[in-house]
Amino acid sequence: MERMGTPWRLLDMGAISAAHNMALDQVILDARSSNQVPNTVRFLQFSPSCALVGFHQAVELEVDENYCREQGIEINRRLTGGGNLYWDESQLGWEIFAPKNTPGIPKRLEDMYRLMCEGVVVGLERLGVKAHFRPTNDIEVEGRKISGTGGTEMGDIFLYQGSLLTDFDVDTMLKALKLPIKKLADKDVKSFKHRVTCLREVLGYLPPLADIKAALAAGISEVLGITLEPGGLTEIEQQRLEKELVHFQSEKWIRGTRIVSQANDLRMADYKSRGGLIRVSIRLDEKRQLIKSAFITGDFFAYPARSILDLEADLKNSSSNPLEIAKRVNQFFKSHNVRIPGVEAEDIYLALCLACSREGDRNDVKAL
């Protein structure tokens with residue numbers, strides 16, 4: 001591991017709004033990429049409660065906006081990919097900001113995911129919880145998910161983050177989020193509850209938040225071989241935060257620049273890959289066999305973050321012939337160095353073909 005002489009910063013801003021937390025992620029990434037701040041481990045909490053969509057998701061498809069408005073639940077969008085999440089004020093998040101070439105940090109994404117999660121696994125052991133890493137990016141206790149994780153990058157700097165279920169208000173979560181059927185076993189809430197767990201359930205009580213933070217910080221320090229020193233925002237970060245906050249509070253950021261069409265001729269398909277759900281909406285010109293436009297969302301993590309947007313642009317007015325789709329997607333993945341843990345070019349190809357097929361029948365779509 002790294003064993004750096006310069007300590008890493010441990011940043012804890014307490015409970016702040018969703019927009020503040022998202023803006024702060026961008027600010028720290030910017031400051032670290034310009035070498036203005038040290039490597040940073042950050043705890044994050046949300047107040048008021050919020051529903052967060054992943055970078056590649058659409059609010060309309062993932063959040064019950066009417067319910068959230070009625071309950072005072074904020075809605076925002078993460079810098080990172082992954083699925084929709086509900087955060088109440090008892091939950092705890094953790095983040096790691098560092099250069100990709102940091103000694104001891106694996107270059108392969110799946111290996112980096114494992115290492116980052118191991119720090120939290122060791123931290124949970126200090127609380128008496130026997131947890132394990134579950135590929136691609138979860139932490140589990142006896143087969144039940146207790147933490148989901150994921151990341152993004154900006155230039156040479158990565159952000160890796162996770163959400164730890166301390167307590168679990170599943171009923172509010174199910175009302176606030178539009179969870180894909182594939183995420184629920186037989187649409188049964190009882191089965192869904194059995195798929196996840198939380199600290200209160202595992203331990204029989206909920207440790208003080210300060211104890212949970214101390215345990216996680218110790219675990220991350222041990223696994224990464226670093227020293228963590230508590231610190232606040234620099235003056236530069238504080239100034240940038242005030243500017244970025246306006247953007248992260250805006251509808252343009254929250255809703256994204258892509259609009260989900262509700263037209264009758266829009267074809268849609270869900271495809272479950274090893275790395276997450278891929279949801280595709282396609283508008284076809286059947287007469288000319290062209291993809292007029294494609295809209296790809298899901299709970300995957302793409303690197304670079306904008307690669308899905310670029311792929312959508314590349315697919316505009318392209319052939320809907322399966323062989324041509326395969327050729328285009330494969331070439332795009334190679335030329336843009338696209339990396340999506342658990343998702344291959346073929347998965348995207350299959351999802352696109354499934355949406356293009358006349359009946360949306362998986363049996364009509366064949367792998368190459």
Side-chain angles (χ1 to χ4, degrees), residues 53-62 77-83 100 109 136 150-156 158 252-253 255-263 265-358 360 362 364-368:
V53 297
F55 184 80
H56 302 291
Q57 293 186 310
V59 170
E60 304 95 306
L61 298 177
E62 308 296 341
R77 176 180 302 277
R78 299 193 305 278
L79 296 179
T80 55
K100 290 185 286 186
L109 286 174
T136 303
T152 189
E153 59 188 31
M154 189 178 82
D156 295 328
F158 72 83
K252 181 178 179 181
W253 167 254
R255 308 201 72 83
T257 57
R258 299 176 292 168
I259 305 300
V260 180
S261 172
Q262 301 297 329
D265 61 345
L266 189 70
R267 299 194 181 176
M268 305 182 71
D270 285 354
Y271 178 85
K272 190 69 171 68
S273 72
R274 184 170 61 88
L277 181 72
I278 303 170
R279 177 169 286 162
V280 173
S281 304
I282 283 182
R283 186 180 301 283
L284 286 179
D285 181 337
E286 285 194 277
K287 187 174 182 180
R288 295 190 294 166
Q289 291 190 307
L290 293 178
I291 297 175
K292 297 299 295 180
S293 63
F295 183 73
I296 304 169
T297 66
D299 56 1
F300 47 80
F301 294 85
Y303 301 83
R306 65 165 296 111
S307 55
I308 295 300
L309 301 178
D310 291 337
L311 175 59
E312 290 175 348
D314 192 64
L315 288 167
K316 282 185 178 180
N317 296 312
S318 65
S319 172
S320 60
N321 178 281
L323 290 175
E324 293 299 320
I325 293 175
K327 186 186 300 182
R328 182 172 290 271
V329 171
N330 282 323
Q331 179 58 38
F332 182 88
F333 265 62
K334 291 176 183 177
S335 62
H336 289 72
N337 191 29
V338 179
R339 297 161 294 148
I340 308 178
V343 177
E344 305 295 336
E346 184 176 58
D347 292 312
I348 300 294
Y349 152 76
L350 289 172
L352 289 166
C353 287
L354 190 62
C356 284
S357 63
R358 181 174 296 277
R362 183 181 291 270
D364 293 338
V365 178
K366 301 208 179 349
L368 294 180

Quiz item: Counting distance only, does the side-chain N/O of R267 pair as donor-acceptor with the main-chain N or O of A355 below 3.5 Å?
Solution: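 Side chain of R267 to backbone of A355: no pair is present.
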Quiz item: Taking the side chain from S320 and the backbone from Q289, do they hold a donor-acceptor pair closer than 3.5 Å?
Solution: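 Here the side-chain-to-backbone pair exists.
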Quiz prompt | Residue that, paired with S319, satisfies side-chain contact (heavy atoms from CB on, under 4.5 Å) out of K327, R328, E324 | solution =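 Passing option: E324.
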Counterpart residues, side-chain hydrogen bond (donor to acceptor under 3.5 Å, both in side chains), relative to [X] (two or more places apart):
| X | answer |
| --- | --- |
| N317 | K292 |
| R339 | E153 |
| D285 | R288 |
| K316 | none |

Please report the closest heavy-atom contact between [X] and [Y], naming both atoms and the distance.
| X | Y | value |
| --- | --- | --- |
| F55 | L79 | CB-O, 3.6 Å |
| G275 | V343 | CA-CG2, 4.0 Å |
| T80 | G151 | CG2-C, 3.6 Å |
| D347 | G342 | OD2-O, 4.0 Å |
| R77 | Q57 | NH1-O, 2.7 Å |
| A302 | H56 | CB-NE2, 3.5 Å |

Quiz item: Is there a side chain to side chain contact (heavy atoms under 4.5 Å, CB included) between L284 and C356 once you walk through the steps?
Solution: CA-CA 7 Å; L284 286 179; C356 284; 3.9 Å; yes
Value rounded to 0.5 Å, distance of [atom1] in [X] from [atom2] in [Y]:
| X | Y | atom1 | atom2 | answer |
| --- | --- | --- | --- | --- |
| N321 | L290 | CG | CG | 11.0 Å |
| I340 | L109 | CD1 | CG | 10.5 Å |
| I278 | I296 | CD1 | CD1 | 8.5 Å |
| R283 | F295 | CZ | CZ | 12.5 Å |

Quiz prompt | E62 bridged to R279 by N-O distance under 4.0 Å | solution =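 Salt bridge between E62 and R279, a charged N being under 4.0 Å from a carboxylate O: yes.
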Evaluate the side-chain proximity of [Y] to [X]: yes if any heavy-atom separation is below 4.5 Å, no if none is.
| X | Y | answer |
| --- | --- | --- |
| P341 | Y303 | yes |
| F332 | V338 | yes |
| L350 | L354 | no |
| L309 | E312 | yes |
| S307 | F333 | no |
| T297 | L61 | yes |
| L323 | I325 | no |

Quiz item: With sequence neighbours left out, what residues match R78 under salt bridge (charged side-chain N to carboxylate O under 4.0 Å, His left out)?
Solution: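 Result, salt bridge (charged side-chain N to carboxylate O under 4.0 Å, His left out) vs R78: none returned.
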Exercise. Kindly write out the residues that satisfy salt bridge (charged side-chain N to carboxylate O under 4.0 Å, His left out) with D156, not counting sequence neighbours, or none if the list is empty.
Key: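 D156 satisfies salt bridge (charged side-chain N to carboxylate O under 4.0 Å, His left out) with no other residue.
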